[in-house]
Amino acid sequence: MAETMQSLDQLGTLKPAAPEAPKYVQKLDKQGRAYATGKRKNAVARVWIKPGNGRIEVNGRDSPIYFARPVLRMLISQPFVVTDRLGQFDVWCTVSGGGLSGQAGAVRHGISKALTFYEPGLRPVLKHGGFLTRDSRVVERKKYGRHKARRRPQYSKR
């Protein structure tokens, strides 16, 4: 008997199974923006995206000013390049903690998550590119008896 597709009610008659709800749905706020939090190392980025002309604002400054190195600017635009949405969304984000490289990674992670909330159909592309995975590597703590986390004191033969 195919009870996986249909279920029995109390009288023993078959009733059709309820249609499955879509797994991922669009999540927008009252202003039509998608919000997500991105993290990398010790940096945390709060990211809002909405349809626009491709302006990226980080902590109240334009991204070319905040992220001066071209590599960091390329990093935060990667989710848009992979999904062919370059210049279609405005990004407004606040980022704190860590250094510039970690902050750029956090913004990239937040943009990727916000894109999936705005357009759930983009999730497989971003997931395949590894943009939705939080890079959990953080700095290892310093241990006592060591100069750094693993660096041992210099060996002296005499």
Considering all heavy atoms, the nearest [X]-[Y] contact:
X	Y	result
Tyr118	Gln26	O-NE2, 2.8 Å
Gly110	Ala36	O-CB, 3.5 Å
Asn59	Thr94	OD1-CA, 3.1 Å
Gly54	Asp90	N-OD1, 3.2 Å
His147	Gln154	NE2-N, 4.2 Å
Leu75	Ala104	CD2-CB, 3.8 Å

[Y] side chain reached by [X] side chain, heavy atoms, under 4.5 Å:
X	Y	result
Val25	Pro120	no
Val44	Val95	no
Arg33	Ile49	no
Asn53	Gln88	no
Ser101	Arg69	yes
Val91	Val47	yes
Lys148	Lys142	no
Lys41	Arg137	no

Derivation of the side-chain hydrogen bond (donor to acceptor under 3.5 Å, both in side chains) call for Arg46 and Thr37: CA-CA 5 Å; Arg46 302 184 313 160; Thr37 304; over 6 Å; no
ring-ring contact (aromatic ring centres under 6.0 Å, His included) involving Trp48 - partner list, sequence neighbours excluded: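 Partners of Trp48 under the ring-ring contact (aromatic ring centres under 6.0 Å, His included) test: Tyr35, Trp92.
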In one Ile/Leu/Val/Met/Phe/Trp/Tyr side-chain cluster, 4.5 Å: Val138, Val107: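 Per the 4.5 Å side-chain linkage, Val138 and Val107 are not co-clustered.
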Chi angles and distances behind the side-chain contact (heavy atoms from CB on, under 4.5 Å) call for Val58, Ile56: CA-CA 7 Å; Val58 182; Ile56 301 176; 4.2 Å; yes
Quick one: [atom1] on [X] to [atom2] on [Y], what's the gap to the nearest 0.5 Å?
X	Y	atom1	atom2	value
Leu28	Lys50	CG	NZ	12.5 Å
Arg108	Ser77	CZ	OG	10.0 Å
Asp135	Lys39	CG	NZ	13.5 Å

Distance-only donor-acceptor check, side chains Tyr66 and Glu57, under 3.5 Å: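 Note: Tyr66 and Glu57 side chains miss the donor-acceptor criterion.
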Verdict with supporting geometry, Phe131 and Gln78, side-chain contact (heavy atoms from CB on, under 4.5 Å): CA-CA 9 Å; Phe131 297 113; Gln78 278 180 337; 3.6 Å; yes
Could you tell me whether a side-chain N or O of [X] sits under 3.5 Å from a main-chain N or O of [Y], the two making a donor and an acceptor?
X	Y	value
Arg146	Tyr144	no
Asp62	Pro64	no
Lys143	Arg141	yes
Arg73	Phe67	yes

